[in-house]
Amino acid sequence: MRWSQLFIPTLRETPAEAEVVSHQLLLRAGYIRQLAAGLYSYLYLSRRSLLKIERIIREEMDAIGAQEMFLPELHPAEVWRKSGRWDAIGHDMFRLQDRWGRELCLGMTEEEVMTSIAIGELRSYKQLPQIWYQIQAKFRDEPRPKSGLMRVRRFTMKDSYSFDIDAAALDISYKKHHAAYCRIFDRCGLRYIAVEAHSGAMGGSQSHEFAVPSDAGEDIVAICEGCGYAANLEKALSKHRQPTAPDQSADEPAEEFATPGKKTIAEVAEFDGAPETSHIKSLAMAADGKPYLILLRGDHSLNEAKLSSVIAAAEIRPAHPEEIRKWFGADAGSLGPVGLTDITILTDQALRDRGDLIAGANKNDHHLRHVTPGRDFETTFADLRAVAEGDTCVQCDTTLKLTKCIEVGHIFKLGYRYSESMGLRVLDPNGKEVAPIMGSYGIGLERILTASIEQNHDEAGMVLPATIAPFEVVVTPVNLKDDAQREAAEALYQSCRDRGIDVIFDDRKERAGVKFADAELIGIPYRITVGNKISDGIVELVTRSTRQSTDVRLEEAVERLAEVLANSAGADDSSASP
RNA sequence: CGGGGCGUAGCGCAGUCUGGUAGCGCACCUGCUUUGGGAGCAGGGGGCCGGGGGUUCGAAUCCCUCCGCCCCGACCA
């Protein structure tokens, strides 16, 4: 490709709307332009990168025997009603009607459509296992799109679905995906970790998330550097720190005392002199409108994902102030478990075997001391607490690190959620009708590009791995008016093409500084500079990441480049070199 | 949905408080010079100042209203 003929609208200044680095660089380097909130046009450069990412994914999916399909992005409401999700999903789904008033939606994911195909066709265990996938647009009406391509309303997802006869077979499909995902992210040159993840309210027994550590990320992952334990905070376990003060003997009866104007745990603790760890934090929640009281140690906070796996409800939210007054007879800040009759009380495990604690009295501006779970109120214990900074690993006692991450992939064991609700059945070897067990596996293509830019950039711009950069090398003649330079550059460009190297020829009538700056901004991993030294038959091979330049003989340059590409980050030994 | 910010040339911004002929830098076009790190000189093009309504002799500027974008939170398969 000749740069002079391409549309690569680089910007010298950073557009004001971009906050995170990847967003700034995608705009500045002319990869994308915004159409509306959460909707982006992918210009030539990002299209090239995303096609390369797509190709890597396709190769690795095909390598585990997955079969690619192409499905409609527009779905009839019927299939979503069948699975129950038409009503279960709220505003996240784009919904529309056709001219006859029939309801449709834009696909957020394809469990329903894939399962519909299976219902029509799969009859026997002999047809299993099946792994089907597609790489297509997904639509989600996000409440707050943000950070460029990080969270958008239309994105590209590779999503695959496995159908197996039993849990052991699903385990094999799941492991195949896990391995394929590792190869995909390796080839894309990402530094990532596979972490245990929350499978969501929609069920599923096991789930892993592929997380790229980055400050721009939206997920928090707890990582143990001692034993390698890693889990999304929604799911993570830890040992909490010991209470600051031991409990006193729990013989004394609960006793009310006034706490005028003290609402938060910190205020109450300061007032009564006992540490936060000797207080009970009481949170009023509404689950499908029904009241729940959640109890945590004063210094702990609630993990709502864990709560949602304990309470089976479609909607769980903090109770409104009016509800709190009606249910507890007091306002938030003075709530507690003692004396409640019609409210389910769930207590975090950290309060098990504790006693002599301080809790709200359900009377404004009053608390109770000497409160002991089990004695003063009935409750069920569960793991409800969010892992906090300073907690230690349950396996090895090392202090856990909490790290922000970008989620680039997620694999789930779905179980029978869709095969049962939608009525997928096959005959097993005994001629008995059984529901196949399913898995679903997603990768966000734009997230790979975004995460890669977040991980690989410097003050001059992107530093993309050769496997996903829009071009592998740029040939840059310093002065086009110099015949020797122009002819040598032209020859280099041709021989790169002949060798199958993805090359761009910067034949623009620009000064060298402009060409260098643009090439560095858009992140082309290698550059061959043709300058004055051509009179001695010498050109320069420059590595973007290190900015190191090596003089090489003109006739050896392409060979050297090919070697370097074969060894560069993300390239695998056999197939990746072009 | 709550809080905050912003909307003036393709991009970055000034002008708004205190109403009086719409500006600067970059980018763009033409010419000449220059050619190893975002060149210089000269000339030039480009604006419903987000939309609508109002106040006024006069509105980018004041008032009302709507829309859009960004950030924080809520939310989130």
Side-chain angles (χ1 to χ4, degrees), chain A residues 7 9-20 23-24 27-30 33-40 80 83 85 88-93 107-112 138-148 150-153 155 157 159 197-204 207 209 216 218-219 232 234-235 304-305 308-309 314-318 320 407 409-412 414 417-418 440-442 444 459-461 476-482 485-486 489 506 508-521 527 529-534 538-540 542 547 549 551:
Chain A
F7 178 59
T10 56
L11 303 175
R12 210 154 168 171
E13 287 174 286
T14 302
E17 78 255 20
E19 199 93 347
V20 301
H23 188 196
Q24 293 175 346
L27 288 169
R28 275 194 62 206
R33 287 295 182 261
Q34 184 177 43
L35 185 61
L39 296 175
Y40 286 88
W80 288 80
S83 73
R85 294 165 93 196
I89 292 173
H91 295 296
D92 275 9
M93 184 187 271
M108 310 172 67
T109 171
E110 301 285 336
E111 278 84 359
E112 279 79 0
K138 298 288 176 290
F139 299 87
R140 296 183 187 182
D141 195 358
E142 292 285 346
R144 182 146 94 85
K146 58 178 286 205
S147 304
M150 188 87 76
R151 178 165 292 274
V152 288
R153 295 194 291 173
F155 61 101
M157 186 186 232
D159 44 324
H198 182 70
S199 23
M202 285 305 189
S207 155
E209 181 178 308
E218 301 181 302
D219 284 12
N232 190 297
E234 292 183 338
K235 158 108 182 179
E304 291 196 31
S308 72
S309 26
E315 184 212 39
I316 300 177
R317 56 167 171 81
H320 299 143
E407 177 188 4
H410 204 151
I411 58 178
F412 297 85
L414 287 173
R417 163 85 180 77
Y418 296 90
S440 87
Y441 317 86
E459 65 291 342
T476 308
V478 166
N479 184 354
L480 272 178
K481 287 192 178 155
D482 181 308
Q485 288 184 29
R486 194 185 64 248
D506 195 350
R508 294 177 298 167
K509 294 177 177 57
E510 292 285 353
R511 295 165 67 88
V514 172
K515 296 186 183 184
F516 295 158
D518 273 343
E520 285 164 4
L521 178 60
R527 183 176 85 210
T529 306
V530 184
N532 290 331
K533 296 178 200 160
I534 197 64
I538 298 290
V539 298
E540 293 153 43
V542 184
R547 284 169 145 172
S549 174
D551 287 355

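First the proteins, then the strands, lettered A, B, ... as listed; each starts at 1. Everything numeric here is computed off the predicted structure, so don't read it as measured data.
A:R486 and A:L480 make their closest contact through NH1-O, 3.3 Å (heavy atoms, listed as atom of the first residue, atom of the second, distance). Closest of all the heavy-atom pairs between A:R153 and A:A36 is NH2-CB, 4.4 Å. A pairwise comparison of heavy atoms in A:R28 and A:P15 identifies CG-CD, 4.1 Å as the closest pair. Of all heavy-atom pairs spanning A:G442 and A:M157, the tightest one is CA-CE, 4.2 Å. Considering all non-hydrogen atoms of both residues, A:K533 and A:D551 come closest at NZ-OD1, 3.1 Å.
Using a 4.0 Å heavy-atom cutoff across all strands shown, A:R527 reaches at least one base atom of the nucleic acid. Base engagement by A:K481 is indicated by at least one non-hydrogen atom pair under 4.0 Å involving a base atom. Nucleic acid contact class of A:E111 (heavy atoms, under 4.0 Å, all strands): base. A:D482 comes within contact range of no nucleotide atom at all, as no heavy-atom separation falls under 4.0 Å. Note on A:A517: a base of the nucleic acid sits closer than 4.0 angstrom, heavy atoms only. Here A:R153 lies out of heavy-atom contact (under 4.0 Å) with every strand. Among the heavy atoms of the strands, none lies under 4.0 Å from A:T476. Residue contacts for A:P143: at a heavy-atom cut-off of 4.0 Å it reaches a base atom on one of the strands shown. Residue A:A18 is classed as having no contact, given no heavy-atom separation below 4.0 Å to the nucleic acid. Heavy atoms of A:Q34 sit under 4.0 angstrom from primed sugar atoms or phosphate atoms, though from no base atom. Across all strands, A:S440 comes closer than 4.0 Å to no nucleic acid atom at all (heavy-atom distances).
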Next item on the list: Given side chain to side chain contact (heavy atoms under 4.5 Å, CB included), test A:E17 with A:H23 step by step and report yes or no.
Entry: CA-CA 9 Å; A:E17 78 255 20; A:H23 188 196; 4.2 Å; yes
Check: When you look at A:R547 and A:F516, which way does the side chain to side chain contact (heavy atoms under 4.5 Å, CB included) test go after all the steps?
Finding: CA-CA 11 Å; A:R547 284 169 145 172; A:F516 295 158; over 6 Å; no
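Residue A:A16 places its side chain closer to B:G12 than to any other of B:G36, B:G12, B:C69. Each of B:G36, B:C11, B:C69 was ranked by its minimum atom distance to the side chain of A:V478; first place goes to B:G36.
When the C1' atom is compared between B:G68 and B:C49, the two are found 16 Å apart, to the nearest whole Å. Between the C1' atoms of B:G40 and B:U61, the separation comes to 38 Å (whole Å). Here the separation of B:G73 from B:G54, taken at their C1' atoms, is 36 Å to the nearest Å.
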Please write out the pairs of protein N or O atoms and N or O atoms of nucleotides 8-10 of chain B separated by less than 3.5 Å, giving the distance to one decimal.
none

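Across all strands shown, B:A39 forms a Watson-Crick or G-U wobble pair with B:U33, both key distances being under 3.5 Å. Of the nucleotides present, B:G10 is the one that pairs with B:C26 by Watson-Crick or G-U wobble criteria, both distances under 3.5 Å. In this structure, B:G47 makes no Watson-Crick or G-U wobble pair, since no nucleotide meets both defining distances under 3.5 angstrom. Using N1 to N3 plus N6-O4 or O6-N4 for Watson-Crick, or N1-O2 and O6-N3 for G-U wobble, each under 3.5 Å, B:C57 pairs with B:G20. Base pairing analysis places B:C75 opposite nothing; no Watson-Crick or G-U wobble pair with both distances below 3.5 Å involves it.
The side chain of A:K146 contributes an N or O atom lying less than 4.0 Å from OP1 or OP2 of B:C72. Note on A:Q485: every side-chain N or O is 4.0 Å or more away from OP1 and OP2 of B:G36.
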Margin query: Protein within reach of the bases, or only the backbone? For nucleotides 39-45 of chain B, mark each nucleotide 5' to 3' as B, S or -, using heavy atoms under 4.0 Å.
Written below: B------
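Residues A:V478 and A:T529 have side chains in contact (heavy-atom distance under 4.5 Å, counting atoms from C-beta outward).
Remark: A:R508 engages A:D518 in a salt bridge, criterion side-chain N to carboxylate O under 4.0 Å.
Atom C1' of nucleotide B:G12 and atom CD of A:E13 are separated by 4 Å, given to the nearest angstrom.
In this model, a side-chain donor or acceptor of A:E540 finds a partner on the base of B:G36 within 3.5 Å. A donor and an acceptor atom never sit less than 3.5 Å apart when one is taken from the side chain of A:R144 and the other from the base of B:C76.
The closest side-chain donor-acceptor pair between A:E111 and A:S83, if any, does not fall under 3.5 angstrom.
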